[in-house]
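Values reported hereafter were calculated over all heavy atoms of this structure, with side chains retained and with hydrogens, waters and symmetry mates removed.
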Amino acid sequence: MRTNFYYFVILAPVVTTTFGATYQRSSQLAGQSFLDAFTFQAISDPTNGRVTYVDQSTAEADGLVSVANNKLTLRADYTTTLSSSGPGRNSFRIQSNSQYETHVAIFDIEHMPQGCGTWPAICTFNFLWSEVGANWPNEGEVDIVEGVNDQTPDTCTLHTSAGCTMPSSRPMTGTPDGTDCDAYDNGNSGCGVSIDDSKSYGPQFNSNGGGWYAIERSSSYISIFFWERTSDSVPSDVKSPGSSVDTSNWGTPAAYFPDTDCDFSTHFGPHNIVINLTFCGDWAGSSSVYAASGCPSTCVNYVNNNPSAFQNAYFEFNSLNIYQ
């Protein structure tokens with residue numbers, strides 16, 4: 001349930017519209033309840049990574065998932081040297097049991113995976129429990145947290161079917177990396193936005209104690225917000241989540257995707273939340289991308305032969321609060 005607010009600021013000759021809404025909490029997840037709200041996907045990696053996604057029983061037996069102090073930790077294996085002809089590094093891929101359309105989700109993250117070869121992501125799309133997505137990209141994908149090889153900042157991206165573009169200039173603090181959201185154009189780079197904060201991703205995010213990511217999805221726009229742990233501008237209903245949130249008090253989003261040139265009703269459907277960590281693959285393992293990051297050797301050789309390098313390749317979540 002939500003209540004919309006529309007503020008119209010007239011500064012002749014320009015009319016600027018700022019959107020905001022109040023939403024009521026539908027899920028309060030932390031520790032075991034966070035884990036119980038998701039299902040492990042032991043599937044082949046759609047991004048062709050040097051990874052083996054394991055089921056929950058394997059993850060528990062191998063210490064890849066744990067709950068302590070009401071926090072959820074998800075990590076990759078960091079003890080096994082891999083054979084070049086064998087399977088990839090064991091890791092996690094979890095998907096929410098519920099699907100969401102209009103909603104707000106607030107992720108309180110204390111630590112995210114880091115290391116050369118890593119490619120962590122928190123995203124939403126409609127996977128319907130299938131390996132490659134029954135209707136991807138026709139129902140859209142929203143990448144909230146995504147990056148590779150410790151390269152900051154975080155990139156927020158939409159991937160859609162044809163006919164969805166974003167204006168090059170729009171109210172957000174981030175920098176657009178592309179405006180064509182079509183997954184079949186430009187090597188599926190999508191219409192991304194780089195967050196204007198070096199502490200939004202990787203080792204710098206972790207050394208600063210992490211922070212909060214939030215997504216607001218409505219029928220006419222998608223906004224993504226980021227606040228550092230040490231920021232003095234974190235909204236009170238983000239820092240101390242309650243029964244409702246009012247996004248009209250959150251300020252300018254880090255990334256803003258309006259429906260100006262994209263019909264959301266035909267490009268976005270119900271979405272699951274997916275949290276995963278792969279290695280190398282189509283992006284992190286691209287020879288040009290990997291080399292530009294300053295990482296040693298080749299991506300696959302490094303991931304195979306340096307297990308201890310992935311001791312910090314883990315997510316630690318304090319909570320996930322969802323409002324509708």
Got a second to check how far Gln41's CD is from Asp55's CG, nearest 0.5 Å?
-> 12.0 Å
Are the side chain of Thr80 and the backbone N or O of Leu82 linked by a donor-acceptor pair below 3.5 Å?
-> no
Is the closest side-chain heavy-atom distance between Asp246 and Asp237 below 4.5 Å?
-> yes
Mind checking side-chain contact (heavy atoms from CB on, under 4.5 Å) for Ser286 and listing every partner two or more places apart, or none if nothing turns up?
-> Ser288, Val289
Student check: side-chain heavy atoms of Asp196 and Met172 closer than 4.5 Å | no
Let me see the working for Thr152 and Gln204 under side chain to side chain donor-acceptor pair (under 3.5 Å), right down to the final yes or no.
-> CA-CA 8 Å; Thr152 192; Gln204 295 184 60; 4.7 Å; no
Sub-4.5 Å side-chain heavy-atom contact between Phe92 and Val65 | no
Could you walk me through whether Asp77 and Asn90 pass the side chain to side chain donor-acceptor pair (under 3.5 Å) check?
-> CA-CA 5 Å; Asp77 167 79; Asn90 282 3; over 6 Å; no
Are any of the side-chain heavy atoms of Asp45 and Phe279 separated by less than 4.5 Å?
-> no
Student check: side-chain heavy atoms of Ile43 and Arg93 closer than 4.5 Å = yes
Should the pair Tyr302 and Phe310 be assigned to parallel (<30°), tilted (30 to 60°) or perpendicular (>60°) ring geometry?
-> perpendicular
Nearest non-hydrogen partners of Asp282 and Trp119, listed with the distance = N-CZ3, 3.7 Å
Give the ring-plane orientation class for Tyr221 versus Tyr256, where under 30° counts as parallel, over 60° as perpendicular and anything between as tilted.
-> tilted
Indicate yes or no for a side-chain donor-acceptor contact from Asn149 to the backbone of Gly117 under 3.5 Å, with no hydrogens or angles considered.
-> yes
Tested for side chain to side chain contact (heavy atoms under 4.5 Å, CB included) against Tyr314, the lone hit among Met112, Arg75, Gln114 is Arg75
Scan side-chain atoms only and decide if Thr230 and Asn208 contain a donor-acceptor pair under the 3.5 Å cut-off.
-> yes
How about Ser194 and Asp177: does a side-chain donor come under 3.5 Å of a side-chain acceptor?
-> yes
Once the angle between the rings of Trp250 and Phe225 is folded into 0 to 90°, is it parallel (under 30°), tilted (30 to 60°) or perpendicular (over 60°)?
-> perpendicular
Is there side-chain contact between Tyr23 and Glu216, with at least one heavy-atom pair below 4.5 Å?
-> yes
Is a side-chain N or O of Tyr201 found less than 3.5 angstrom from the main chain of Gly147, in a donor-acceptor match?
-> yes
Evaluation steps, side-chain contact (heavy atoms from CB on, under 4.5 Å), between Ser287 and Thr298 = CA-CA 8 Å; Ser287 57; Thr298 66; over 6 Å; no
Closest contact, heavy atoms only, Ser27 versus Tyr100 | OG-OH, 4.4 Å
Got Pro176 and Phe257 here, is their nearest side-chain heavy-atom distance under 4.5 Å?
-> no
Given Phe315, Phe317, Phe107, the one that forms ring-ring contact (aromatic ring centres under 6.0 Å, His included) with Phe34 = Phe317
What do the steps show when you test Ser83 against Ser85 for side chain to side chain donor-acceptor pair (under 3.5 Å), and what is the final call?
-> CA-CA 5 Å; Ser83 166; Ser85 59; 3.1 Å; yes
Asp150 side chain to Gly202 backbone, donor-acceptor under 3.5 Å | no
Closest non-hydrogen atoms of Phe268 and Glu141, given as atom of the first, atom of the second and distance, are CE2-N, 4.1 Å
Side-chain heavy-atom pair Asn272, Phe38 within 4.5 angstrom cut-off | no
